[in-house]
There are 2 protein chains.
Amino acid sequence: MDIRTLCLGILTMGDASGYEIKKTFEDRLGLIFHASFGSIYPALNKLTDEGLVSCREFSQEKRPDKKIYSITANGRYQFFDAIMKKPAADRFRSEFLATLMFSHLLPASVISELIDDRIKDRAQKIESLYDDCQTKMTDRDRFLCNFGLKMYQAEIDYLQENRHLLEADALMGNRAAE
Amino acid sequence: MDIRTLCLGILTMGDASGYEIKKTFEDRLGLIFHASFGSIYPALNKLTDEGLVSCREFSQEKRPDKKIYSITANGRYQFFDAIMKKPAADRFRSEFLATLMFSHLLPASVISELIDDRIKDRAQKIESLYDDCQTKMTDRDRFLCNFGLKMYQAEIDYLQENRHLLEADALMGNRAAE
DNA sequence: TTGAAATTATATCAGTTCGATATATACTCG
DNA sequence: CGAGTATATATCGAACTGATATAATTTCAA
């Protein structure tokens with residue numbers, strides 16, 4: 001599943017412009033999948049070429065032209081095909097955890113700050129997700145929201161319970177040979 | 001932090017070939033960061049050009065030439081610089097969760113199978129991580145191993161407790177207008 | 001009220017990375 | 001004896017990110 005497929009998916013929920021699709025990515029798929037304009041706009045052009053979406057152009061006087069995309073019958077068929085396939089493995093990259101892999105090279109104060117910042121960040125994400133959960137309409141949206149809440153909370157708990165393992169090692173000056 | 005930087009980091013733990021660096025990515029950073037040969041080999045060439053690593057070539061008779069890379073003093077300095085910077089946000093992409101976002105388009109049986117497969121996959125990952133935890137040497141390795149265990153377990157718990165929300169909706173035929 | 005910041009809107013581009021493929025040899029195990 | 005796995009390097013097209021460009025409008029606080 002690539003970004004092109006997911007644009008198709010978003011269009012099954014209603015017509016939208018590229019800009020609106022980007023917003024939907026952030027609002028509803030932010031936890032799961034990220035997409036930039038640099039991939040969305042070319043994706044929509046390609047989908048149009050392939051006849052999986054159609055495009056109506058509205059020339060606005062006050063703003064740049066707005067292009068509203070609609071999914072076609074063929075597009076719906078292709079999207080259904082895509083989600084019926086076994087999903088590929090998650091792709092995950094964390095610079096935070098990668099940095100901790102080398103915490104033996106860092107001063108204790110830097111490690112503590114790193115973990116403090118991370119906990120603050122996750123707490124803030126929980127807060128805004130919590131608000132989302134109140135307003136989101138469908139069961140599916142809530143399912144994913146609560147999933148995010150659970151994961152972020154588990155991370156905070158783990159860091160609070162185990163940060164001493166990395167911090168103690170740093171304070172003792174137990175440095176590996178470099 | 002890019003793959004080039006992380007290759008440098010792996011070389012702070014000892015000299016290695018490109019092939020061995022790939023294995024280290026899988027064994028010790030598998031949870032955190034993925035890198036393919038297609039990015040590692042070009043990265044090592046570039047690092048050599050920049051003088052951040054040095055390369056000795058061993059022509060073996062039985063196998064292709066082996067190139068052993070060592071980090072230079074300049075390389076160590078650059079790596080330290082990189083890990084002292086604030087880490088960028090995590091990058092995460094889950095086809096599994098993206099598919100669930102559209103579970104209202106799927107038959108109930110497919111949703112159940114999807115979730116069953118996911119739980120099995122996470123259980124299997126827990127098993128192999130658990131073995132790792134016994135053998136891994138440093139506190140840091142164990143810290144990251146246990147982090148993974150905690151996250152995977154939280155995911156299984158969440159899915160088992162909440163899967164009925166998606167499955168019930170599918171069985172009832174509560175389908176949104178398409 | 002004015003000026004800065006955020007929002008609406010599309011588009012491109014260089015650089016990074018993935019996943020597949022190519023090429024060879026050797027070992028292991030049923 | 002053959003299939004599969006491990007060692008070993010390398011390239012390439014396609015996908016994707018993050019930055020940048022352009023331009024008008026709305027919002028909100030000083």
Side-chain angles (χ1 to χ4, degrees), chain A residues 1-8 15-27 29-30 32-50 53 55-69 82 85 87-95 98, chain B residues 1-8 15-27 29-30 32-50 53 55-69 82 85 87-95 98:
Chain A
M1 172 155 20
D2 51 17
I3 285 173
R4 233 167 76 244
T5 305
L6 225 43
C7 284
L8 226 42
D15 297 353
S17 65
Y19 187 78
E20 287 161 345
I21 288 173
K22 174 74 167 18
K23 272 199 299 176
T24 304
F25 263 105
E26 278 159 12
D27 295 347
L29 292 161
I32 294 175
F33 224 98
H34 177 268
S36 64
F37 286 128
S39 46
I40 291 173
Y41 285 117
L44 289 169
N45 287 332
K46 206 168 176 191
L47 288 169
T48 308
D49 290 347
E50 291 167 355
V53 305
C55 173
R56 285 162 296 148
E57 216 158 326
F58 296 93
S59 55
Q60 305 179 143
E61 281 155 42
K62 303 190 173 184
R63 289 179 185 289
D65 283 10
K66 195 171 179 173
K67 292 181 183 175
I68 300 288
Y69 294 90
K85 279 186 193 149
D90 292 359
R91 239 186 269 172
F92 179 56
R93 162 180 294 200
S94 172
E95 292 196 9
Chain B
M1 174 157 15
D2 50 19
I3 284 173
R4 232 168 76 244
T5 306
L6 226 41
C7 285
L8 225 41
D15 297 353
S17 65
Y19 187 77
E20 286 161 347
I21 288 173
K22 175 73 168 15
K23 272 199 299 179
T24 305
F25 263 106
E26 278 160 12
D27 295 347
L29 292 161
I32 294 174
F33 224 98
H34 177 268
S36 63
F37 286 127
S39 45
I40 290 172
Y41 284 116
L44 289 169
N45 287 332
K46 207 169 176 190
L47 288 169
T48 308
D49 290 346
E50 291 167 356
V53 306
C55 174
R56 284 163 296 148
E57 217 157 325
F58 296 93
S59 56
Q60 305 179 142
E61 281 155 41
K62 303 190 173 184
R63 292 179 183 289
D65 283 9
K66 196 171 176 172
K67 294 180 182 176
I68 301 288
Y69 294 90
K85 280 185 192 150
D90 292 358
R91 237 185 270 172
F92 179 57
R93 161 179 297 200
S94 173
E95 291 195 10

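Treat the numbers as computed from the prediction; the structure is a model and nothing was measured.
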Distance test, side-chain N/O of A:K67 to OP1/OP2 of C:dA11, below 4.0 Å:
yes

Is the shortest side-chain N/O distance from B:Y41 to OP1 or OP2 of D:dT9 below 4.0 Å?
yes

For A:Y19 and D:dA23, give me the distance from atom OH to atom P, rounded to whole Å.
18 Å

Return whichever of A:R91 or B:R4 has its heavy-atom-nearest nucleotide of DNA chain C closer to the 5' end.
B:R4

Anything under 30° is parallel, anything over 60° is perpendicular, the rest tilted; go ahead and classify A:Y19 against A:F37.
parallel

Find the distance B:M1:CE to C:dT16:P and express it as a whole number of Å.
15 Å

Upstream residue (5' side of DNA chain D) when B:S17 and A:S36 are each assigned their closest nucleotide
B:S17

Should A:E20 and A:K67 be marked as a salt bridge (charged side-chain N to carboxylate O under 4.0 Å, His left out) after you check the CA-CA gap, both sets of side-chain angles, and the distance that decides it?
CA-CA 10 Å; A:E20 287 161 345; A:K67 292 181 183 175; over 6 Å; no

For C:dC18, does either OP1 or OP2 sit under 4.0 Å from a side-chain N or O belonging to B:S39?
yes

Residue B:K23, side-chain atoms from C-beta onward, closest of D:dT7, C:dT8, D:dA8
D:dT7

Regarding A:D27 and A:T24, do their side chains bring together a donor and an acceptor under 3.5 Å, going by distance alone?
no

What contact category does B:G18 fall into here, base, sugar-phosphate, or nothing, at under 4.0 angstrom with non-hydrogen atoms?
sugar-phosphate

Which comes earlier along DNA chain D counting from the 5' end, the contact point of B:E20 or that of A:H34, where each point is its nearest nucleotide?
B:E20

Separation of D:dA6 atom P from B:K66 atom NZ, nearest Å, is 16 Å

For atom CZ of B:R93 and atom P of D:dC16, their distance in whole Å:
5 Å

Taking the side chain as C-beta and beyond, is there a heavy-atom pair between A:I32 and B:E95 under 4.5 Å?
no

Look at the side chain of B:T5 and the backbone N and O of B:M1, then say whether any donor-acceptor pair between them is shorter than 3.5 Å.
no

Distance check needed: C:dA22 C1' versus B:F37 CZ, whole Å only.
13 Å

Which nucleotide wins on minimum distance to the side chain of A:P42, given the candidates D:dT9, C:dT12, D:dT17?
C:dT12

Could you state the CD1-P distance from A:I3 to D:dG18, rounded to the nearest angstrom?
11 Å

How is B:K46 classified with respect to the nucleic acid when contacts are heavy atoms under 4.0 Å: base, sugar-phosphate, or nothing?
sugar-phosphate

Whole angstrom value for the distance that separates C1' of C:dC18 from CD of B:E26
14 Å

Roughly how many Å is it from CZ in B:F25 to C1' in D:dA8, rounded to a whole number?
17 Å

